[in-house]
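What follows is a set of notes on a single structure, which appears directly below.
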Amino acid sequence: MIHITLPDGKTVTYPKGITPIEVARGISEGLARNVISARFNNRKVETVTPLETDGSLVLYTWNDEEGKKTFWHSSSHVLAQALEMLYPGIKLTIGPAIDNGFYYDVDFMDHTVSEKDFPAIEQKAMEIARGKHEFKMREVSKADALSYYEDHENQYKVELIENLEDGEITFCDHDTFTDLCRGGHIPNTGIIKAFKVLNVAGAYWRGDENRPQLTRVYGISFPKQKELTNYLHLLEEAKKRDHRKLGKELELFTFSQKVGQGLPLWLPKGAALRERLEDFLKKAQKKAGYEMVVSPHIGQKELYVTSGHYAKYGEDSFQPIHTPKQDEEFLLKPMNCPHHCEIYNARPYSYRELPKRFAEFGTVYRYEQSGELHGLTRVRGFTQDDAHIFCTHEQLDQEFKEVIDLSLYVLTSLGFDNYTAQVSVRDPETPEKYIGSVENWERAEAAIINAAREKEMNFEIVPGEAAFYGPKLDFMVKDALGRKWQLGTIQVDYNLPERFDLTYKGSDNETHRPVMIHRAPFGSMERFVALLLEHTGGNFPLWLTPVQAMILPVSEKHEKYAQKVLKSMENCEIRALVDARSETVGKKIRETEMQKLPFMLIVGDQEMDQGTVSVRRHGGEDLGAQSVEAFSDLVKNEINSTLKRFKEV
RNA sequence: GCCGACGUAGCUCAGGGGUAGAGCGUUUCCUUGGUAAGGAAGAGGUCACGGGUUCAAUUCCCGUCGUUGGCUCCA
């Protein structure tokens, strides 16, 4: 007999060799039906793996993250089998589960696969699923495993197996299909009730662009048809929040082939929005002790040679600008830091004057790979809400905390409450990759981690992700489709102060090297607006939205009154417009709704007589007739309730 | 940069070897209206660009540019 401990702490005695699924059946028949994966002593096991020792057992269903992963991993086996049946001779490589579904990387040899082929693949996969084939794991010796895949002329699997230890190699069989597999499967293919191939894409073998390019087939599957329908519906909804679509509809920005790819053009409404965001941050920064500076869009090549950026990125970026003078070269500014270093260098500093905080909305240009450009989130010309803080080592801790405060203020004021933070530190294995003393690194990493803890942030520490010049803290936000984007960033830098020979005079009358903090709470105006659009679906916070109220005269004879209302709005600092077109009120309301304006002020005979406006909120709520003053108060209160001043949050 | 898909009116999209269509928008006229589309008429396209095949190409093929889903990259 063996003792099995369940997550609720209960220990139950079972005969040796009992399987997780049988344990589940012992608890309830319903659980047994829903169990799709299990962990025994914190190791992934099959639901039919006999348990031979005492241990703790966790059972997972579709509702658990682990259950979903197992479900999708198993589905990728089914996908692989379907592909092999439809395209004989193809070579399978790897096929993991991902956050939303799974993929399989396949060398299709002479075949090509496109969207047209999806229905056939799905049909074949469902055919396999309905066969209710069990997944059976078996151990295979390294020699046997190698010879199996050598027979199949699958060099990819051979390569994988060569990197595995003999004795830990397992194959998984189901139906007529066999795959190299670590394990962790659903009981049988039959619980896959819905199967969808989502798209195909190119992917390099082992992520290396010098190796063969494979075809990655993405899919998703569900235990109920209804869940697939819901998922597809969700994707449709996400498409409606795509910032590229909303940006066009709301006339915020555009792109022009003539201007060039990745170079956004901000339309009047978008520019107004951007300006408001900038003002918002400028106000907070002023309070936090920043000083605005301005630097040019180009700089001598020598500047970037000094900073080290030219050596690292010069070849792969916009090429130097030449002048009639021989050997004179300028580069488009790819970052603001070198300029700010020279601003610091304009005069000597005493430790009493530090920290110096130089801020600039600086437009930079980077030659991103054409395939990587994406709406406003990845562009070739963009404006960073950049600032560089020059401080003493002793001040680093405090400065870092204050930058976190500012970053969190920005995110919460704009409704990004589900950001994640990533602390990137050194890889302890490769100390030679980093510059700066070990002591300074340790101090900086500790400062970041302590600050993040103190602010009770939801963060993870990722070793090896630090820049060579210092550790950093990034704020990540997901877009409508769940893709993660980095917005704000705070980076400690020991490199540039060295390269630009930045100094200050300490209390000991000696010359010291300051530490530099790079920081950008928005990240860039472009990416921030993009993510803000996807988050709000275009319904911006009232304080930020380009037009807060549309005044709708019922007919031509009310236009004069509408203009008068507009004047009062302007006096109350409410951004309003009059829609004086010869259209029906119904039509004007519809269009104003579609433009997502927060308020509509309808003015007709009644309002004219009583000196009021009839207020309709976006979405349809009728707030009735009220005086202009009352409406103005309403707007002010609403703004004050969402937008706090910095350090009053 | 690589692999796949796509590119038709300002926008959203249909069509298809014999030089094009809808809805919305726009213009003009009628209508002067009360909380999500009032009516009528008109204008608007070298079917992304460049080659090729063909009697004939917007349609088929190739290339370029752009967009897009991934990959690689990301200061």
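Computed from a predicted structure; not experimentally measured. In what follows, chains carry the letters A, B, and so on, assigned in the order in which the sequence lines appear, proteins first and then strands, with residues in each chain numbered from 1.
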**Asked** Taking it one step at a time, do W205(A) and D105(A) satisfy side-chain hydrogen bond (donor to acceptor under 3.5 Å, both in side chains)?
**Response** CA-CA 8 Å; W205(A) 170 234; D105(A) 279 352; over 6 Å; no
**H558(A) versus D605(A), side-chain donor and acceptor atoms under 3.5 Å** = yes
**Request:** Give the rounded distance in Å between these two atoms: CG of D99(A) and P of G70(B).
**Result:** 13 Å
**Item:** Separation of atom CZ in R616(A) from atom C1' in U35(B), rounded to whole Å
**Value:** 5 Å
Check nucleotides 62-66 of chain B against the protein and report each pair of N or O atoms closer than 3.5 Å, with its distance, or say if there are none.
from	atom 1	to	atom 2	distance (Å)
C65(B)	O2'	Q257(A)	OE1	3.4
G66(B)	OP1	Q261(A)	OE1	2.9

**Message:** Taking 4.0 Å as the cut-off, does a side-chain nitrogen or oxygen of K587(A) come that near to OP1 or OP2 on G25(B)?
**Reply:** yes
**Message:** Can you check the distance between A48(B) and A57(B), where both ends of the measurement are the C1' atom (answer in whole Å)?
**Reply:** 16 Å
**Message:** Can you tell whether the side chains of D501(A) and R513(A) come within less than 4.0 Å, N to carboxylate O?
**Reply:** yes
**Message:** Please determine whether any donor N or O and acceptor N or O are separated by less than 3.5 Å between the side chain of R216(A) and the base of C3(B).
**Reply:** no
**Message:** Can you measure F599(A) atom CZ to U35(B) atom C1' for me and round it to whole angstrom units?
**Reply:** 15 Å
**Request:** With R380(A) as the cation and Y367(A) as the aromatic partner, state whether NZ or CZ is under 6.0 Å from the six-membered ring centre and within 45° of the axis.
**Result:** yes
**Request:** Write down the distance between OH (Y469(A)) and P (A75(B)), rounded to a whole number of angstrom.
**Result:** 7 Å
**Message:** Side-chain N or O of R483(A) versus OP1/OP2 of G70(B): is the shortest distance under 4.0 Å?
**Reply:** yes
**Item:** Derivation of the side chain to side chain contact (heavy atoms under 4.5 Å, CB included) call for L273(A) and F540(A)
**Value:** CA-CA 10 Å; L273(A) 177 84; F540(A) 295 116; 4.0 Å; yes
**Request:** Rounded to whole angstrom, note down the P distance from C47(B) over to U59(B).
**Result:** 9 Å
**Message:** Go nucleotide by nucleotide along RNA chain B from the 5' end; which of G586(A) and H309(A) gets its closest nucleotide reached first?
**Reply:** G586(A)
**side-chain contact (heavy atoms from CB on, under 4.5 Å) partner of I220(A), the single match among L232(A), L235(A), L228(A)** = L228(A)
**Message:** Regarding C74(B), can its base be found pairing with the side chain of E368(A) as donor and acceptor, where the two atoms are less than 3.5 Å apart?
**Reply:** no
**Prompt:** Is the distance between the ring centroids of Y419(A) and F475(A) less than 6.0 Å?
**Reply:** yes
**Item:** Separation of atom NZ in K596(A) from atom C1' in A36(B), rounded to whole Å
**Value:** 13 Å
**Message:** Measuring only the P atom in each nucleotide, how far is G44(B) from U31(B)? A whole number of Å is fine.
**Reply:** 28 Å
**Item:** Check ion pair K240(A)-E534(A) (N to O, under 4.0 angstrom)
**Value:** no
**Prompt:** Got H339(A) and P296(A) here, is their nearest side-chain heavy-atom distance under 4.5 Å?
**Reply:** yes
**Check: F222(A) ring centroid to F102(A) ring centroid under 6.0 Å** = no
**Request:** Return yes if the base of U31(B) and the side-chain atoms of S582(A) contain a donor-acceptor N/O pair under 3.5 Å, otherwise no.
**Result:** yes
**Prompt:** For the ring pair F599(A) and F631(A), is the centre-to-centre distance below 6.0 Å?
**Reply:** yes
**Asked** For residues 195-207 of chain A, which residues have at least one heavy atom under 4.0 Å from RNA chain B?
**Response** N199(A), V200(A), A201(A), G202(A), A203(A), Y204(A), G207(A)
**Item:** Length of the CD-P vector between Q486(A) and A75(B), whole Å
**Value:** 9 Å
**Fill in**
R590(A) CZ to G38(B) C1', in whole Å, measures 14 Å
**Message:** Are F528(A) and F416(A), when compared by the centres of their aromatic rings, separated by less than 6.0 Å?
**Reply:** yes
**Complete:** From CE of M550(A) across to C1' of U35(B) the rounded distance in Å is 15 Å
**Message:** Are there runs of at least three consecutive Watson-Crick or G-U pairs touching RNA chain B, with each pair's two distances under 3.5 angstrom? Give them by first number.
**Reply:** B:1-7 with B:65-71, B:10-13 with B:21-24, B:26-30 with B:38-42, B:48-52 with B:60-64
**Message:** Can you work out whether Q491(A) or Q606(A) has the more 5'-proximal nearest nucleotide on RNA chain B?
**Reply:** Q606(A)
**Asked** Taking the six-membered ring of Y103(A), is the NZ or CZ of R216(A) close enough (under 6.0 Å from the centre) and on axis enough (within 45°)?
**Response** yes
